[in-house]
Amino acid sequence: MTASPITDRLDDPAASRESGRQKIDWAREHMPILDALREEFEAEQPLAGERLGMAMHVEATTAVLTETLAAGGAEIAITGCNPLSTHDDVSAALDANDSITSYAERGVDDDEYYDAIEAVIDHEPTITVDDGMDMVAAIHEDHPDLIDSIKGGCEETTTGVHRLRAMDDDGALDYPVFAVNDTPMKHLFDNVHGTGESSLAAIAMTTNLSWAGKTVVVAGYGFCGRGVAKKAAGQNAKVVVTEVDPRRALEAHMEGYEVLPMDEAAAVGDVFITTTGNRDVITRDHFESMQDGVLLANAGHFDIEIDLDALSELAESDREVRPGVREYALSDGRRLNVLAEGRLVNLAAPVALGHPVEVMDQSFGVQAVSVRELTEASYEPGVHDVPDELDREVAEIKLDAEGIDLDELTGAQTEYMGSWDHGT
Ligand code: RBV
């Protein structure tokens with residue numbers, strides 16, 4: 001079965017559209033990069049004739065990106081990239097745009113989630129925009145006939161790029177995809193500040209509990225883990241980091257955090273936040289040694305980091321104790337609280353809003369210029385870095401909007417940087 005657009009499924013589409021539009025307008029006010037690109041896109045119509053298929057977290061900032069791309073001339077079909085991250089009102093407001101069809105709905109089951117991806121693919125996209133690679137995977141598995149007419153794709157997140165590179169290594173990726181996540185303008189800001197701020201905000205709003213004096217265990221010290229650790233320390237928590245990479249473990253140690261194996265961290269943490277992108281990070285043995293009342297949250301893309309099947313088996317019962325908090329009661333009386341069903345907490349908790357708007361302006365600025373690039377040049381199948389000049393273009397628009405000036409290299413400096421004959 002193929003999903004119908006969100007508007008056909010809502011009780012009061014008009015009210016939803018209005019509240020969604022308000023959220024989009026607010027976000028747009030704070031997204032100067034997309035605003036500048038929208039002006040250019042409206043004038044030059046670089047995406048005229050293109051059909052975009054998107055699978056993203058459908059909330060206000062994503063809507064601003066989507067409407068920017070539509071302003072550039074594209075016809076767009078969009079759905080969610082997580083069953084819990086869609087804001088239905090934003091989805092309805094997007095669906096009201098003549099150039100956009102939105103299938104995204106919050107709280108869908110697995111079948112409905114994949115039906116909506118199929119519905120987007122039915123529009124026969126010429127360009128895909130993914131967050132997590134589910135659209136690229138569905139096209140390769142079930143619609144290989146479409147690949148010849150696809151110019152390329154863009155991938156938003158670390159996990160998606162990781163999956164794409166694995167696919168590419170296996171010789172199985174049959175069209176070009178830009179690793180948007182890997183640009184400096186994306187991962188040095190979105191992954192660090194975006195994930196850091198929004199994960200802590202979502203956990204705090206979901207529980208109304210303080211960070212001060214808590215021991216926060218951050219699993220993984222990649223860009224997301226760095227952000228979460230730094231912001232938690234900034235809220236007066238004691239931070240413990242777990243790692244598998246020796247240099248990252250050392251970096252966390254030199255930053256002043258305690259580094260422990262999860263086997264030991266499990267017993268001392270009050271709050272656990274996983275950011276590894278890998279599976280089985282917190283497992284049965286860890287649950288066995290945790291303190292009563294701990295909070296367990298995941299900030300990685302997929303819900304595989306906390307072994308919820310093992311926790312369900314171990315628990316005598318479970319119940320929702322607050323919206324977005326499920327308490328698992330163990331036979332010895334301890335209670336472990338899982339937030340947002342172990343899905344990425346900054347987007348999937350009932351109160352979650354995703355990353356702050358300014359951060360998404362940068363990430364989605366890179367998305368917009370990457371989509372534009374796919375219409376201007378042709379790339380071989382495989383994973384591609386976004387050309388560096390595009391990333392610089394996005395940084396320059398932002399600096400300009402902020403009124404921040406920077407220096408320019410003089411001729412002598414440029415020459416010096418390119419020479420090797422000046423010694424002591
Ligand atoms: N992310 N999107 C939002 N639209 O509010 N917030 C975070 C939003 C993206 C972020 O770029 C990250 O790489 C990805 O979600 C993880 O799924």
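One-based numbering, in listed order, for ligands and for the atoms of each.
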Sequence-distant partners of Ser16, side chain to side chain contact (heavy atoms under 4.5 Å, CB included), two or more places apart:
Leu10, Asp89, Ala92
More than 12 foreign heavy atoms under 6.0 Å from NE2 of His162: is that the case here?
no
Tyr175 pairs by ring-ring contact (aromatic ring centres under 6.0 Å, His included) with which of His140, His384, His143?
His140
Could you work out, with side chain to side chain donor-acceptor pair (under 3.5 Å) as the rule, every residue matching Glu40, not counting sequence neighbours?
Arg372
Tell me the residues surrounding ligand 1, counting only those with a heavy atom closer than 4.0 angstrom, sorted by chain and number.
His57, Glu59, Thr61, Thr62, Asp131, Glu156, Thr157, Lys186, Asp190, His301, Leu344, Leu347, Leu353, Gly354, His355, Met360
What side-chain donor-acceptor pairs closer than 3.5 Å can you find for residues 217-228, not counting sequence neighbours?
none

Could you check Tyr379 against Phe178 for ring-ring contact (aromatic ring centres under 6.0 Å, His included), going step by step and ending with a plain yes or no?
CA-CA 10 Å; Tyr379 287 82; Phe178 278 132; 5.0 Å; yes
